[in-house]
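Some notes on the structure that comes next.
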Amino acid sequence: MYYLGPEGSFSHEAALRIRGQRTPVTSITEIFDAVMRGGLGVVPVENTLEGPVNETLDNLYNRDEIFVNFRIDLPIRLVLAAREGTRLEDIETVFSHNHAIHEARSWLLKAGLTNLVPVESTSKAARMALNEPRSAAVCSELASRIYGLKVLARDIQDGVNITKFIVISKNYTDQGDKSIIFFTVPDRPGGLYMALEKFYKKNINLTMIYSRPTKVIPWNYYFYLEFEGDIRSAERSGLIQDLRGSTLELKIKGSYRTL
């Protein structure tokens with residue numbers, strides 16, 4: 001199981017829910033690279049405060065051999081942690097992953113902490129806070145324990161904060177609670193409507209839709225879509241066949257169940 005490390009990241013916490021050996025890597029893209037060679041990966045796909053994780057979506061869209069098998073919903077409880085002896089008023093720099101910085105921004109600004117430095121993961125932030133004086137990390141409590149940091153404040157996240165992780169592999173699954181597809185549509189009036197209409201006619205509920213640039217043609221977009229039910233049922237109902245007729249490109253990423 002590959003996850004975004006170092007140890008103590010929220011991705012590490014999600015990976016702990018899956019049995020087997022766990023291997024930290026340095027980026028989401030590197031997780032996809034490793035899964036292409038075999039094995040499983042766990043990647044964040046969406047957060048209740050910050051929305052979709054674009055690096056995950058782009059990799060999933062561009063890698064036709066990788067599919068989604070499971071989902072993990074992880075409550076994100078952020079702490080401000082620093083090495084022993086550091087007081088809140090001593091802190092000049094705060095390290096964290098960019099998403100975590102945004103998720104705790106209101107609390108940090110109210111505390112007078114404005115020098116916020118994004119790094120690759122919350123666990124790397126914890127490791128940096130251990131080594132750099134007058135600094136702190138926004139990270140998990142697990143990371144604070146692993147790296148020997150003192151927690152200065154708990155639950156500094158804004159509102160209800162949950163990150164949805166997906167477990168990916170080269171194994172295609174067509175049964176589960178929900179399904180994921182990607183598609184592109186003709187650049188003409190009603191192009192997107194013609195695709196979405198198919199779900200309405202089949203009485204299938206959409207739970208997520210998001211657009212991203214294809215990065216191939218300027219102002220051309222792909223759509224990431226999740227819907228209730230599995231691919232096997234969608235094929236039996238004729239939905240998949242209908243979608244093939246109304247999209248330029250359709251990529252089926254499989255069905256998943258929540259662990």
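Computed from heavy atoms alone, side chains included, the values below leave out hydrogens, waters and symmetry copies. Note that the coordinates shown come from a computational prediction; the quantities given were computed from them, not determined experimentally.
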Lys202, NZ: over 12 other non-hydrogen atoms inside 6.0 angstrom: yes
Short side-chain to backbone donor-acceptor contact, Asn171 and Asn69, under 3.5 Å: no
Is Thr56 reaching over with its side chain to a backbone N or O of Pro44, donor-acceptor style, under 3.5 angstrom? yes
Go through the steps for Thr163 and Asn47 under the test side-chain hydrogen bond (donor to acceptor under 3.5 Å, both in side chains), then give the verdict. CA-CA 4 Å; Thr163 294; Asn47 176 266; 2.9 Å; yes
Please report the interatomic distance CD(Glu228) to OG(Ser233), rounded to the nearest 0.5 Å. 12.5 Å
Does the side chain of Leu248 reach to within under 4.5 Å of the side chain of Pro186, using non-hydrogen atoms? yes
What closest approach, in Å, do Arg77 and Phe10 show between heavy atoms, and which atom pair accounts for it? O-CZ, 3.9 Å
Is there a continuous path of hydrophobic side-chain contacts, each under 4.5 Å between heavy atoms, that joins Phe165 to Val25? no
To check you understand the geometry: which heavy-atom pair defines the closest contact between Glu7 and Tyr147, and what is its length? O-OH, 2.8 Å
side-chain contact (heavy atoms from CB on, under 4.5 Å) with Leu80: which of Val151, Leu149, Leu88? Leu88
Should Leu60 and Leu4 be counted in the same cluster of Ile, Leu, Val, Met, Phe, Trp and Tyr side chains packed under 4.5 Å apart? yes
When you group the ILVMFWY residues by side-chain heavy-atom contacts below 4.5 Å and let the links chain together, are Ile72 and Leu40 in the same group? yes
Reported CZ-to-OG distance for the pair Phe70 and Ser169, which is rounded to 0.5 angstrom: 8.5 Å
Around Asp90, counting heavy atoms of other residues, nucleotides and ligands shown, do more than 12 lie under 6.0 Å from its CG? yes
Under 4.5 Å between side-chain heavy atoms, counting indirect links through other Ile/Leu/Val/Met/Phe/Trp/Tyr residues: same cluster for Val53 and Tyr210 or not? yes
With distance as the sole test, does Asn62 use its side chain to make a donor-acceptor pair with the main-chain N or O of Asp58 at under 3.5 Å? yes
With a sphere of 6.0 Å drawn around CD of Gln21, does it hold more than 12 non-hydrogen atoms of other residues, nucleotides or ligands? no
Closest heavy-atom pair, Asp230 versus Ser179, reported as atoms and distance to 0.1 Å, is CA-OG, 3.2 Å
Tell me, yes or no, whether the heavy-atom count around Lys170 atom NZ, taken from other residues, nucleotides or ligands under 6.0 Å, exceeds 12. yes
Same cluster (ILVMFWY, side-chain, under 4.5 Å), Val42 and Ile146: no
Indicate whether any N or O donor in one side chain lies under 3.5 Å from an N or O acceptor in the other, for Glu55 and Thr29. yes
Approximate separation, where rounding is to 0.5 Å, of Leu74 CG and Leu259 CG: 12.0 Å
Mind checking whether Arg145 and Leu142 have side chains closer than 4.5 Å, heavy atoms only? yes
Within the supplied structure, the quantity of interest is the number of heavy atoms (other residues, nucleotides, ligands) at a distance under 6.0 Å from Glu197 CD; does it exceed 12? yes
To the nearest 0.5 Å, how far apart are OG1 in Thr173 and CZ in Arg232? 10.5 Å
Run through Lys178, Lys164, Arg71 and flag the one making a side-chain hydrogen bond (donor to acceptor under 3.5 Å, both in side chains) with Glu226. Lys164
Taking all atoms of both residues into account, what is the closest heavy-atom pair of Gly5 and Ser123, and its distance? C-OG, 3.4 Å
Could you please spell out the steps behind the salt bridge (charged side-chain N to carboxylate O under 4.0 Å, His left out) verdict for Glu141 and Arg154? CA-CA 8 Å; Glu141 187 132 10; Arg154 289 181 170 84; 2.7 Å; yes
Closest non-hydrogen contact found for Lys198 with Asp242 is CD-CB, 3.8 Å
Shortest non-hydrogen contact between Val35 and Gly41, atoms and distance: CG2-N, 3.6 Å
In Å, rounded to the nearest 0.5 Å, how long is the span from CD1 of Ile28 to CG of Leu57? 9.5 Å
Tell me who clusters with Leu250, hydrophobic residues only, linked when side chains sit under 4.5 Å apart either directly or through other members. Phe67, Tyr172, Ile181, Phe183, Val185, Leu192, Leu196, Phe199, Ile204, Leu206, Ile209, Phe223, Leu225, Phe227, Ile231, Leu239, Ile240, Leu243, Ile252
If you count heavy atoms of other groups shown closer than 6.0 angstrom to CG of Asn131, is the number above 12? yes
Within the 4.5 Å heavy-atom criterion, are Ile91 and Ser135 side-chain neighbours or not? no
Give a yes or no on whether the backbone of Ser9 and the side-chain of Thr122 come within a donor-acceptor separation of less than 3.5 Å. no
In terms of heavy-atom contacts, does CZ of Arg17 have more than 12 from other residues, nucleotides or ligands at under 6.0 Å? yes
Quick one: which residue pairs count as a salt bridge (charged side-chain N to carboxylate O under 4.0 Å, His left out) with a foot in residues 101-116, not counting sequence neighbours? none
When rounded to the nearest 0.5 angstrom, what is the spacing between OG1 in Thr214 and CD in Glu249? 9.0 Å
With no hydrogens and no angle check, just 3.5 Å: does a side-chain donor-acceptor pair link Tyr224 and Asn54? no
Examine distances only and state if a side-chain atom of Thr48 and a backbone atom of Val160 form a donor-acceptor pair shorter than 3.5 Å. yes
Does a donor on one side chain and an acceptor on the other come within less than 3.5 Å for Ser255 and Asp174? no
Do the ring planes of Phe182 and Tyr222 sit parallel (below 30°), tilted (30 to 60°) or perpendicular (above 60°)? perpendicular
